[in-house]
Visitor: 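My structure is below; once you've seen it, I'll send some questions.
Atoms within each ligand, like the ligands themselves, are counted from 1 in listed order. The shown structure was predicted, so the numbers you read here are calculated from the model rather than taken from an experiment. Excluded from the calculations below are hydrogen atoms, water molecules and symmetry mates; all remaining heavy atoms, backbone and side chain alike, are included.
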Amino acid sequence: MAGSSFTGITNLDTTAAAASEHENELSSFSLPPATLQKLPHLTDYLQNLHRSTNPLENSRFYHPSDGFYLTRNDVVLREITFDLSLTDVASPLLAYHRAGPRKEVYFRPSGHVSAAIVTCGGLCPGMNTVIRELVVGLWELYGVRDIFGVKSGYRGFYSGEAAVRLDPKMVHNWHRRGGTLLETSRGGFDLDKIVNAIQDRGFNQVYIIGGDGTMRGAVKIFNEVRRRKLEIAVTGIPKTVDNDVGIIDRSFGFHTAVEMAQQAINAAHVEAESAVNGVGLVKLMGRSSGHIALHATLSSRDVDCCLIPENGFYLEGKGGLFEFLEDRLKQNGHAVVVVAEGAGQDIVPRTKAQKEEEDESGNPVFLDVGGWLKSELKRWWARDHPNELFTVKHIDPTYMIRAVPANATDNLYCTLLAHSAIHGVMAGYTGFVSGPINGNYAYIPVEEVAQAKKEVNTKDHQWAWVRSVTNQPDFVRV
Ligand SMILES: Nc1ncnc2c1ncn2[C@@H]1O[C@H](COP(=O)(O)OP(=O)(O)O)[C@@H](O)[C@H]1O
Ligand SMILES: O=P(O)(O)OC[C@H]1O[C@](O)(COP(=O)(O)O)[C@@H](O)[C@@H]1O
Ligand SMILES: [Mg+2]
């Protein structure tokens, strides 16, 4: 099971009761033992830290009652569905600490906390909401007054540009705006310079909002802070419109992106329907995973074919895209194709130099699969049907779907993420990421999140569902 190589694991009792294979007949069964994932804490390497009662105790907003504070005993299970016939042999279940306020805190808010917030990597709907809620949450819940926004990604720690002092008044409207008002960038990760700057500027809480690359950087920052034995808590808030961060249910902004993608698909559908042999081609984001394309396809119902990086495809011959589209155009007179940007990169022709191209963060730079597919479709039709009308309308809404403000669901989600992060940090936890696991918010070691990937599983029911909705080929050559 993923993450089981981590140390410091505690055994939990997981005996349960449920219905047997005959409905209504109750029988009991045992689940495998569970192991509690160790969560790094400042006291792992710093002794005699000052502890105090959580200021929420005296907050005018809260009336803490029994069960309000979470303890080490509150956990979230990674897996919540089981095959009972396999429980004898299954590996231990994995549990994570639940996110939420703790009775004791390790930071004295007034005059002791200096919090830094930074955004890294590509844009994603909701980044400004997370920043806003970190500021408001730190200020209102814990009385923190020294909150700073580090400008333009990791390089902002040491670039010489002053960090921006943030307060609730300044950020009150930020959730209505797309992008990140702190600005972001790729590349520029210089570990020593970053940790030196954190030390020099006196930050003792560092909130890092970013995707998989950012989380790999956060692991290094956390390890270096720990090596230097600094009283600084480091936490990651996972951000990526691609939804490819592992372990957590989904990343913020993803729902907004899927919703925005509908507009492009609708337009493609209208264009295709209004032409003779019309094809609407929509390119959506998804560098190495096709989550946006898959969810947009399933929620639209107007898509005839969904192409994702996890499932290779080909154009010519039996079972290929051209054959499929030929049939669809014959049947319906039009077709809509959704292609994730990372799909088909193995068949888009490119030079050696193009193959090796990387962005400032070391991510591969892809060629435009949408533009290429459009010209291939035109070439195919002109060759095979020279006397018939044909139209391809290529819509590339990629930046439009991620540069918008978060929708209501994502805004709520961003708030919960920000508050979870604050509660964890105030409780002295460090080197962790907050996120929902099976609907419950948990603290996950950042190292584990940085290693985990979430790709579309083309063997499971969801992909089968896409294929049953679109009736598209599986592109397995026979
Ligand atoms: N392996 C890594 N180690 C340290 N920093 C990294 C690593 N990968 C990426 N980064 C840094 O994280 C930041 C964001 O990474 P990037 O891949 O562009 O976006 P994202 O975090 O959204 O995936 C960049 O500043 C980049 O230099
Ligand atoms: O043009 P940019 O800003 O480099 O972004 C393009 C990439 O950003 C993404 O939105 C993913 O970004 P992250 O890795 O930052 O989450 C991809 O879908 C896309 O390939
Ligand atoms: Mg990334």
Visitor: Around His172, counting heavy atoms of other residues, nucleotides and ligands shown, do more than 12 lie under 6.0 Å from its NE2?
Guide: no
Visitor: For the residue pair Arg250 and Tyr413, would you count it as a cation-pi contact if the rule is NZ or CZ under 6.0 angstrom from the ring centre and within 45 degrees of the ring axis?
Guide: yes
Visitor: Tell me whether the centres of the aromatic rings in His295 and His255 are closer together than 6.0 Å.
Guide: no
Visitor: Could you check Arg176, Arg177, His175, Lys169 and say which one makes a side chain to side chain donor-acceptor pair (under 3.5 Å) with Asn173?
Guide: Arg176
Visitor: Give the ring-plane orientation class for Trp372 versus Phe313, where under 30° counts as parallel, over 60° as perpendicular and anything between as tilted.
Guide: tilted
Visitor: Select all protein residues for which some heavy-atom-to-ligand 1 distance is less than 4.0 Å, and list them by chain and number.
Guide: Gly121, Gly122, Tyr154, Arg186, Gly187, Phe189, Gly211, Asp212, Gly213, Thr214, Arg216, Gly217, Lys220, Lys239, Ser361, Asn363
Visitor: Kindly indicate, with the supporting measurements, whether the criterion salt bridge (charged side-chain N to carboxylate O under 4.0 Å, His left out) is fulfilled by Glu316 and Arg379.
Guide: CA-CA 12 Å; Glu316 305 271 3; Arg379 182 189 57 76; 3.5 Å; yes
Visitor: Answer whether the closest heavy-atom distance between the side chains of Phe107 and Asn204 falls below 4.5 Å.
Guide: yes
Visitor: So how many protein N, O or S atoms does the Mg ion (ligand 3) have within less than 2.8 Å?
Guide: 1
Visitor: Holding to side chain to side chain contact (heavy atoms under 4.5 Å, CB included), I want the full list of residues that pass it with Leu70, two or more places apart in sequence or in another chain.
Guide: Asp74, Arg98, Arg102
Visitor: Compare all side-chain heavy atoms of Asn243 with those of Phe252 and state whether any distance is below 4.5 angstrom.
Guide: no
Visitor: Can you confirm whether or not the ring centre of His419 sits under 6.0 Å from the ring centre of Tyr441?
Guide: no
Visitor: Look at Arg226 together with Asp44 and state whether they make a salt bridge at an N to O cut-off of under 4.0 Å.
Guide: no
Visitor: In terms of ring plane angle, is the pair Phe203 and Phe148 parallel, tilted or perpendicular, where the classes change at 30° and 60°?
Guide: tilted
Visitor: Would you check ligand 2 and list the protein residues that come within less than 4.0 Å of it by any heavy atom, ordered by chain and number?
Guide: Gly121, Gly122, Arg186, Lys239, Thr240, Val241, Asp242, Met285, Gly286, Arg287, Glu341, Tyr399, Arg402
Visitor: Tell me if the CE atom of Met170 is crowded by more than 12 foreign heavy atoms within 6.0 Å.
Guide: yes
